[in-house]
Number of protein chains: 2
Amino acid sequence: MHLSRFFMPVLRDTPKEAEIISHQLMLRAAMIKQSAAGIYSWLPLGLRVLKKIEGIVREEQNRAGAVEILMPTIQSADLWRESGRYEAYGKEMLRIVDRHERDILYGPTAEEVVTAIFRDSVRSYKDLPKNLYNIQWKFRDEIRPRFGVMRGREFLMKDAYSFDLTKEDARATYQRMFAAYLRTFARMGLKSVPMKADTGPIGGDLSHEFIILAETGESEVFLHKDLLDERVPPADTDFFGDLSGVVENWTSRYAATDEIHDAAKFENEVPEAKRVTARGIEVGHIFYFGTKYSAAMGAKVQGPDGQLVTPEMGSYGVGVSRLAGAIIEASHDEAGIIWPVPVAPFEVGLVNLRAGDAATDGACADLYNKLQAAGVEVLYDDTDERAGAKFSTMDLIGLPYQLIVGPKGVKNGEVEIKARAGAERETLGIEAGLNQVIAAVQSQRILA
Amino acid sequence: MHLSRFFMPVLRDTPKEAEIISHQLMLRAAMIKQSAAGIYSWLPLGLRVLKKIEGIVREEQNRAGAVEILMPTIQSADLWRESGRYEAYGKEMLRIVDRHERDILYGPTAEEVVTAIFRDSVRSYKDLPKNLYNIQWKFRDEIRPRFGVMRGREFLMKDAYSFDLTKEDARATYQRMFAAYLRTFARMGLKSVPMKADTGPIGGDLSHEFIILAETGESEVFLHKDLLDERVPPADTDFFGDLSGVVENWTSRYAATDEIHDAAKFENEVPEAKRVTARGIEVGHIFYFGTKYSAAMGAKVQGPDGQLVTPEMGSYGVGVSRLAGAIIEASHDEAGIIWPVPVAPFEVGLVNLRAGDAATDGACADLYNKLQAAGVEVLYDDTDERAGAKFSTMDLIGLPYQLIVGPKGVKNGEVEIKARAGAERETLGIEAGLNQVIAAVQSQRILA
């Protein structure tokens, strides 16, 4: 992509309304633009990141056997009356009356819709297990939306819903999602730790939050140090086999958010040298809640013995739009964002220091074509901005690698390369620089 | 994908509520499920089609230089007050009051939101032209939603919005989108014809609807026969060059929907042998409307001479979810849907006629792996349904090619292949059948 044809209106100054670093950087880097309180447009750079995150979430859901559907944003209030949640849900539900005076709502979650789909479609235990997920916009009318996409009102969520014949099967499904989540966040370059959680308004008796560690995280968390080195299930894990070992490894040591932290237990269970207190951000939440919705809404399948069985359910959420902010909280410096390759909006920034100079333009065009041919995603700054502004912009938007091309270097057959996560620029021959950048990008695409 | 792990609850009977063939087939083939009046969930098969359609639309928008953003579904009423449309728009706008008693709405279109983005971000003529598009859910509170996704209330639309410095530039942008639309629909296997249209509530002075021809289309259209053979711009068209010739070719002959049809003019301009009366479905609509929104909302850029200029705008819509229905209207038979390869949910259906028989299972597993290795998208019916039901289901869901494997064939080293658009099954050696199906799929992926 040529920057001159792109749309990336970066801001030089930090907008006053942004309190946290990810919000500031997303606004400055022209990733998002506020449209109303807690409601954002995603500009091209931000949308590319959002799609990358969505893609990773999708791949790991598919790997774990979940099947993608897409439920509507607008739901019927009658469905929520069946589960009893229409009255119970507070003011965060955006309630709407349509032109025929029917009560509808903007879905904050979709247990009712998916249970209705299941109820009308599945008749036999032979069709179980089923785990249906969707990646769709949700709305929660937060009383005080803030922190940009971290606590917006309209947000993109991956929500999966599982149906199993028995509690034992449901537990296996829960373990599959648990393992899938570990992979999902690791692939984005994040260190995530599952922590036991209250089930809250979803209900149920088993639940974990997935917390990623970031110095500027929203809440305090307490954990056993060894969890930081615990292994994430590899890509060739058999997701249809027994995953209880994975869950056991990750849950046998102390880890808790401040909401349920028990200081005495922490000191009791964890040796002093292993006690870690850190900041974290919740990016996923999984629940096993049994028959709460299936029973209330009359979803039943015929069991092996001919008797009707009410399926056991769980739900599994990932904050897809929130992750864009969370990754920045976990990966930035004073100059801007530092994208891990798998979620970077482009993998390489190609900087032309003298647009209009025939030799420099020619060298850039050649590098651009070669990067494209190698399947590398490039943003080519072909504008006539001055060099200093170009460098600041590249650092701000945080592409993992920069290839810098100026008239003097071209004359000497040289380019500069810079890893955004590193410190210094390095001067190399043009081919060598190109190959080094391509190899670096390729080696970092798969982080788990 | 193994059918046993998929979620495809097909219906044997035609639901009574479905009046038109695409709605009937989408329900029967388990592509969609109604959730409320005019509001649908997309089940896995339907979602795969929707994503294919979306992908083609996106590729052609990108090719034509438009840049993707994503605007929120919920918009502020204040923006619509600026343009004057908040009061003007009728009951089709879903008006909402949030918990702070602020007026918000579910966007039926996004001229206001995008003009506000532009106004706050673009300062100079040097940043023009800009054409920003998004593919996002919209809501129109139709008084009588019907015909499934063809006239739903919540629907997926691609909407692009262009900003140009001069009327001349705006006309060139309009021509680019015109050409992009011709390619977009042709790539889906559709015959589309642009027809001059009223501009309606969007305003402006130049507008075309893109109508695809389908026997069961919603409206009557009248056109010069030669338009049916008119050439679509090829993939290597220079979209930044002069496209006035393309537009001229496609608009110089008579073509009109019944809304603006002029029988006298038709008979006058078109020789009798060239007069075609057909049924059509609107799948795209493009508008040039000048400064209607930019002037009302105070969007201005500095021109080359330092003076402030109000940019010329256009908007360009494609009914993405509607297209899923429209393609079916244009391509089906008594047995079900007939998907063109580029929009098929899977390219090949692999049918195991004796699941559980070791030799048949083995042959199917081998074919499945080879199809996957060749990059072909396969749905493998590995269930223990009887053969007749499997055949009906495959015909109903309309995958372009079927590979049918039974115990007798396997013993003889043979498979049957069937092109869904053709009539008969053909028996071939296993390798030959496999290769023929792979070659057929590959040759039909790019239709324009």
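Convention: sequence-line order gives letters A, B, ...; per-chain numbering from 1. No hydrogens, no waters, no symmetry mates; every other heavy atom, side chains included, goes into these values. Keep in mind that what you see is a predicted model, and the values were worked out from it rather than measured.
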- Note on the structure: Nearest heavy-atom contact between A/W137 and B/L70 is CZ2-CD2, 3.4 Å
- Closest non-hydrogen atom pair between B/I39 and A/I74, with its separation: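 Looks like CG2-O, 3.5 Å.
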- Which value, rounded to the nearest 0.5 Å, describes the distance between B/S35 atom OG and A/L79 atom CG?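 These two atoms lie 6.0 Å from each other.
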- Side chain, backbone, both or neither of A/L11 within contact of chain B (heavy atoms, under 4.5 Å):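 Neither part.
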Between [X] and chain A, which part of the residue has a heavy atom less than 4.5 Å away: side chain, backbone, both or neither?
| X | value |
| --- | --- |
| B/L45 | neither |
| B/I104 | side chain |
| B/R48 | neither |
| B/L94 | side chain |
| B/K130 | side chain |
| B/V114 | neither |
| B/A110 | neither |
| B/L47 | side chain |
| B/F118 | neither |
| B/F6 | both |
| B/T383 | neither |

For the interface with chain B, which of [options] has the highest count of heavy-atom pairs at distances below 4.5 Å?
| options | result |
| --- | --- |
| A/V10, A/D78, A/V67, A/D127 | A/V67 |
| A/N134, A/V113, A/L132, A/V122 | A/L132 |
| A/M1, A/K126, A/Q136, A/R95 | A/Q136 |

Taking every non-hydrogen pair under 4.5 Å, which of [options] racks up the most with chain A?
| options | result |
| --- | --- |
| B/Q75, B/Q34, B/M71, B/K33 | B/K33 |
| B/S76, B/S121, B/S4 | B/S121 |
| B/E142, B/K91, B/E92 | B/K91 |
| B/L43, B/N131, B/I117 | B/I117 |

- B/R12, CZ: over 12 other non-hydrogen atoms inside 6.0 angstrom: yes
- Query: With sequence neighbours left out, what residues match B/E377 under side chain to side chain donor-acceptor pair (under 3.5 Å)?
  - Reply: B/K52
- Item | Ion pair B/R153/A/D98, N-O distance below 4.0 Å | yes
- Given B/I96 and A/F139, is the side chain to side chain contact (heavy atoms under 4.5 Å, CB included) satisfied, shown in steps? CA-CA 13 Å; B/I96 309 171; A/F139 200 95; over 6 Å; no
- Scan for side-chain hydrogen bond (donor to acceptor under 3.5 Å, both in side chains) pairs involving residues 62-74 of chain B, sequence neighbours excluded, and state none if there are none.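 Qualifying pairs, neighbours excluded: A/Y106-B/T73, A/E154-B/T73, B/R58-B/E68, B/E60-B/R63, B/N62-B/Y133, B/E68-B/Y133.
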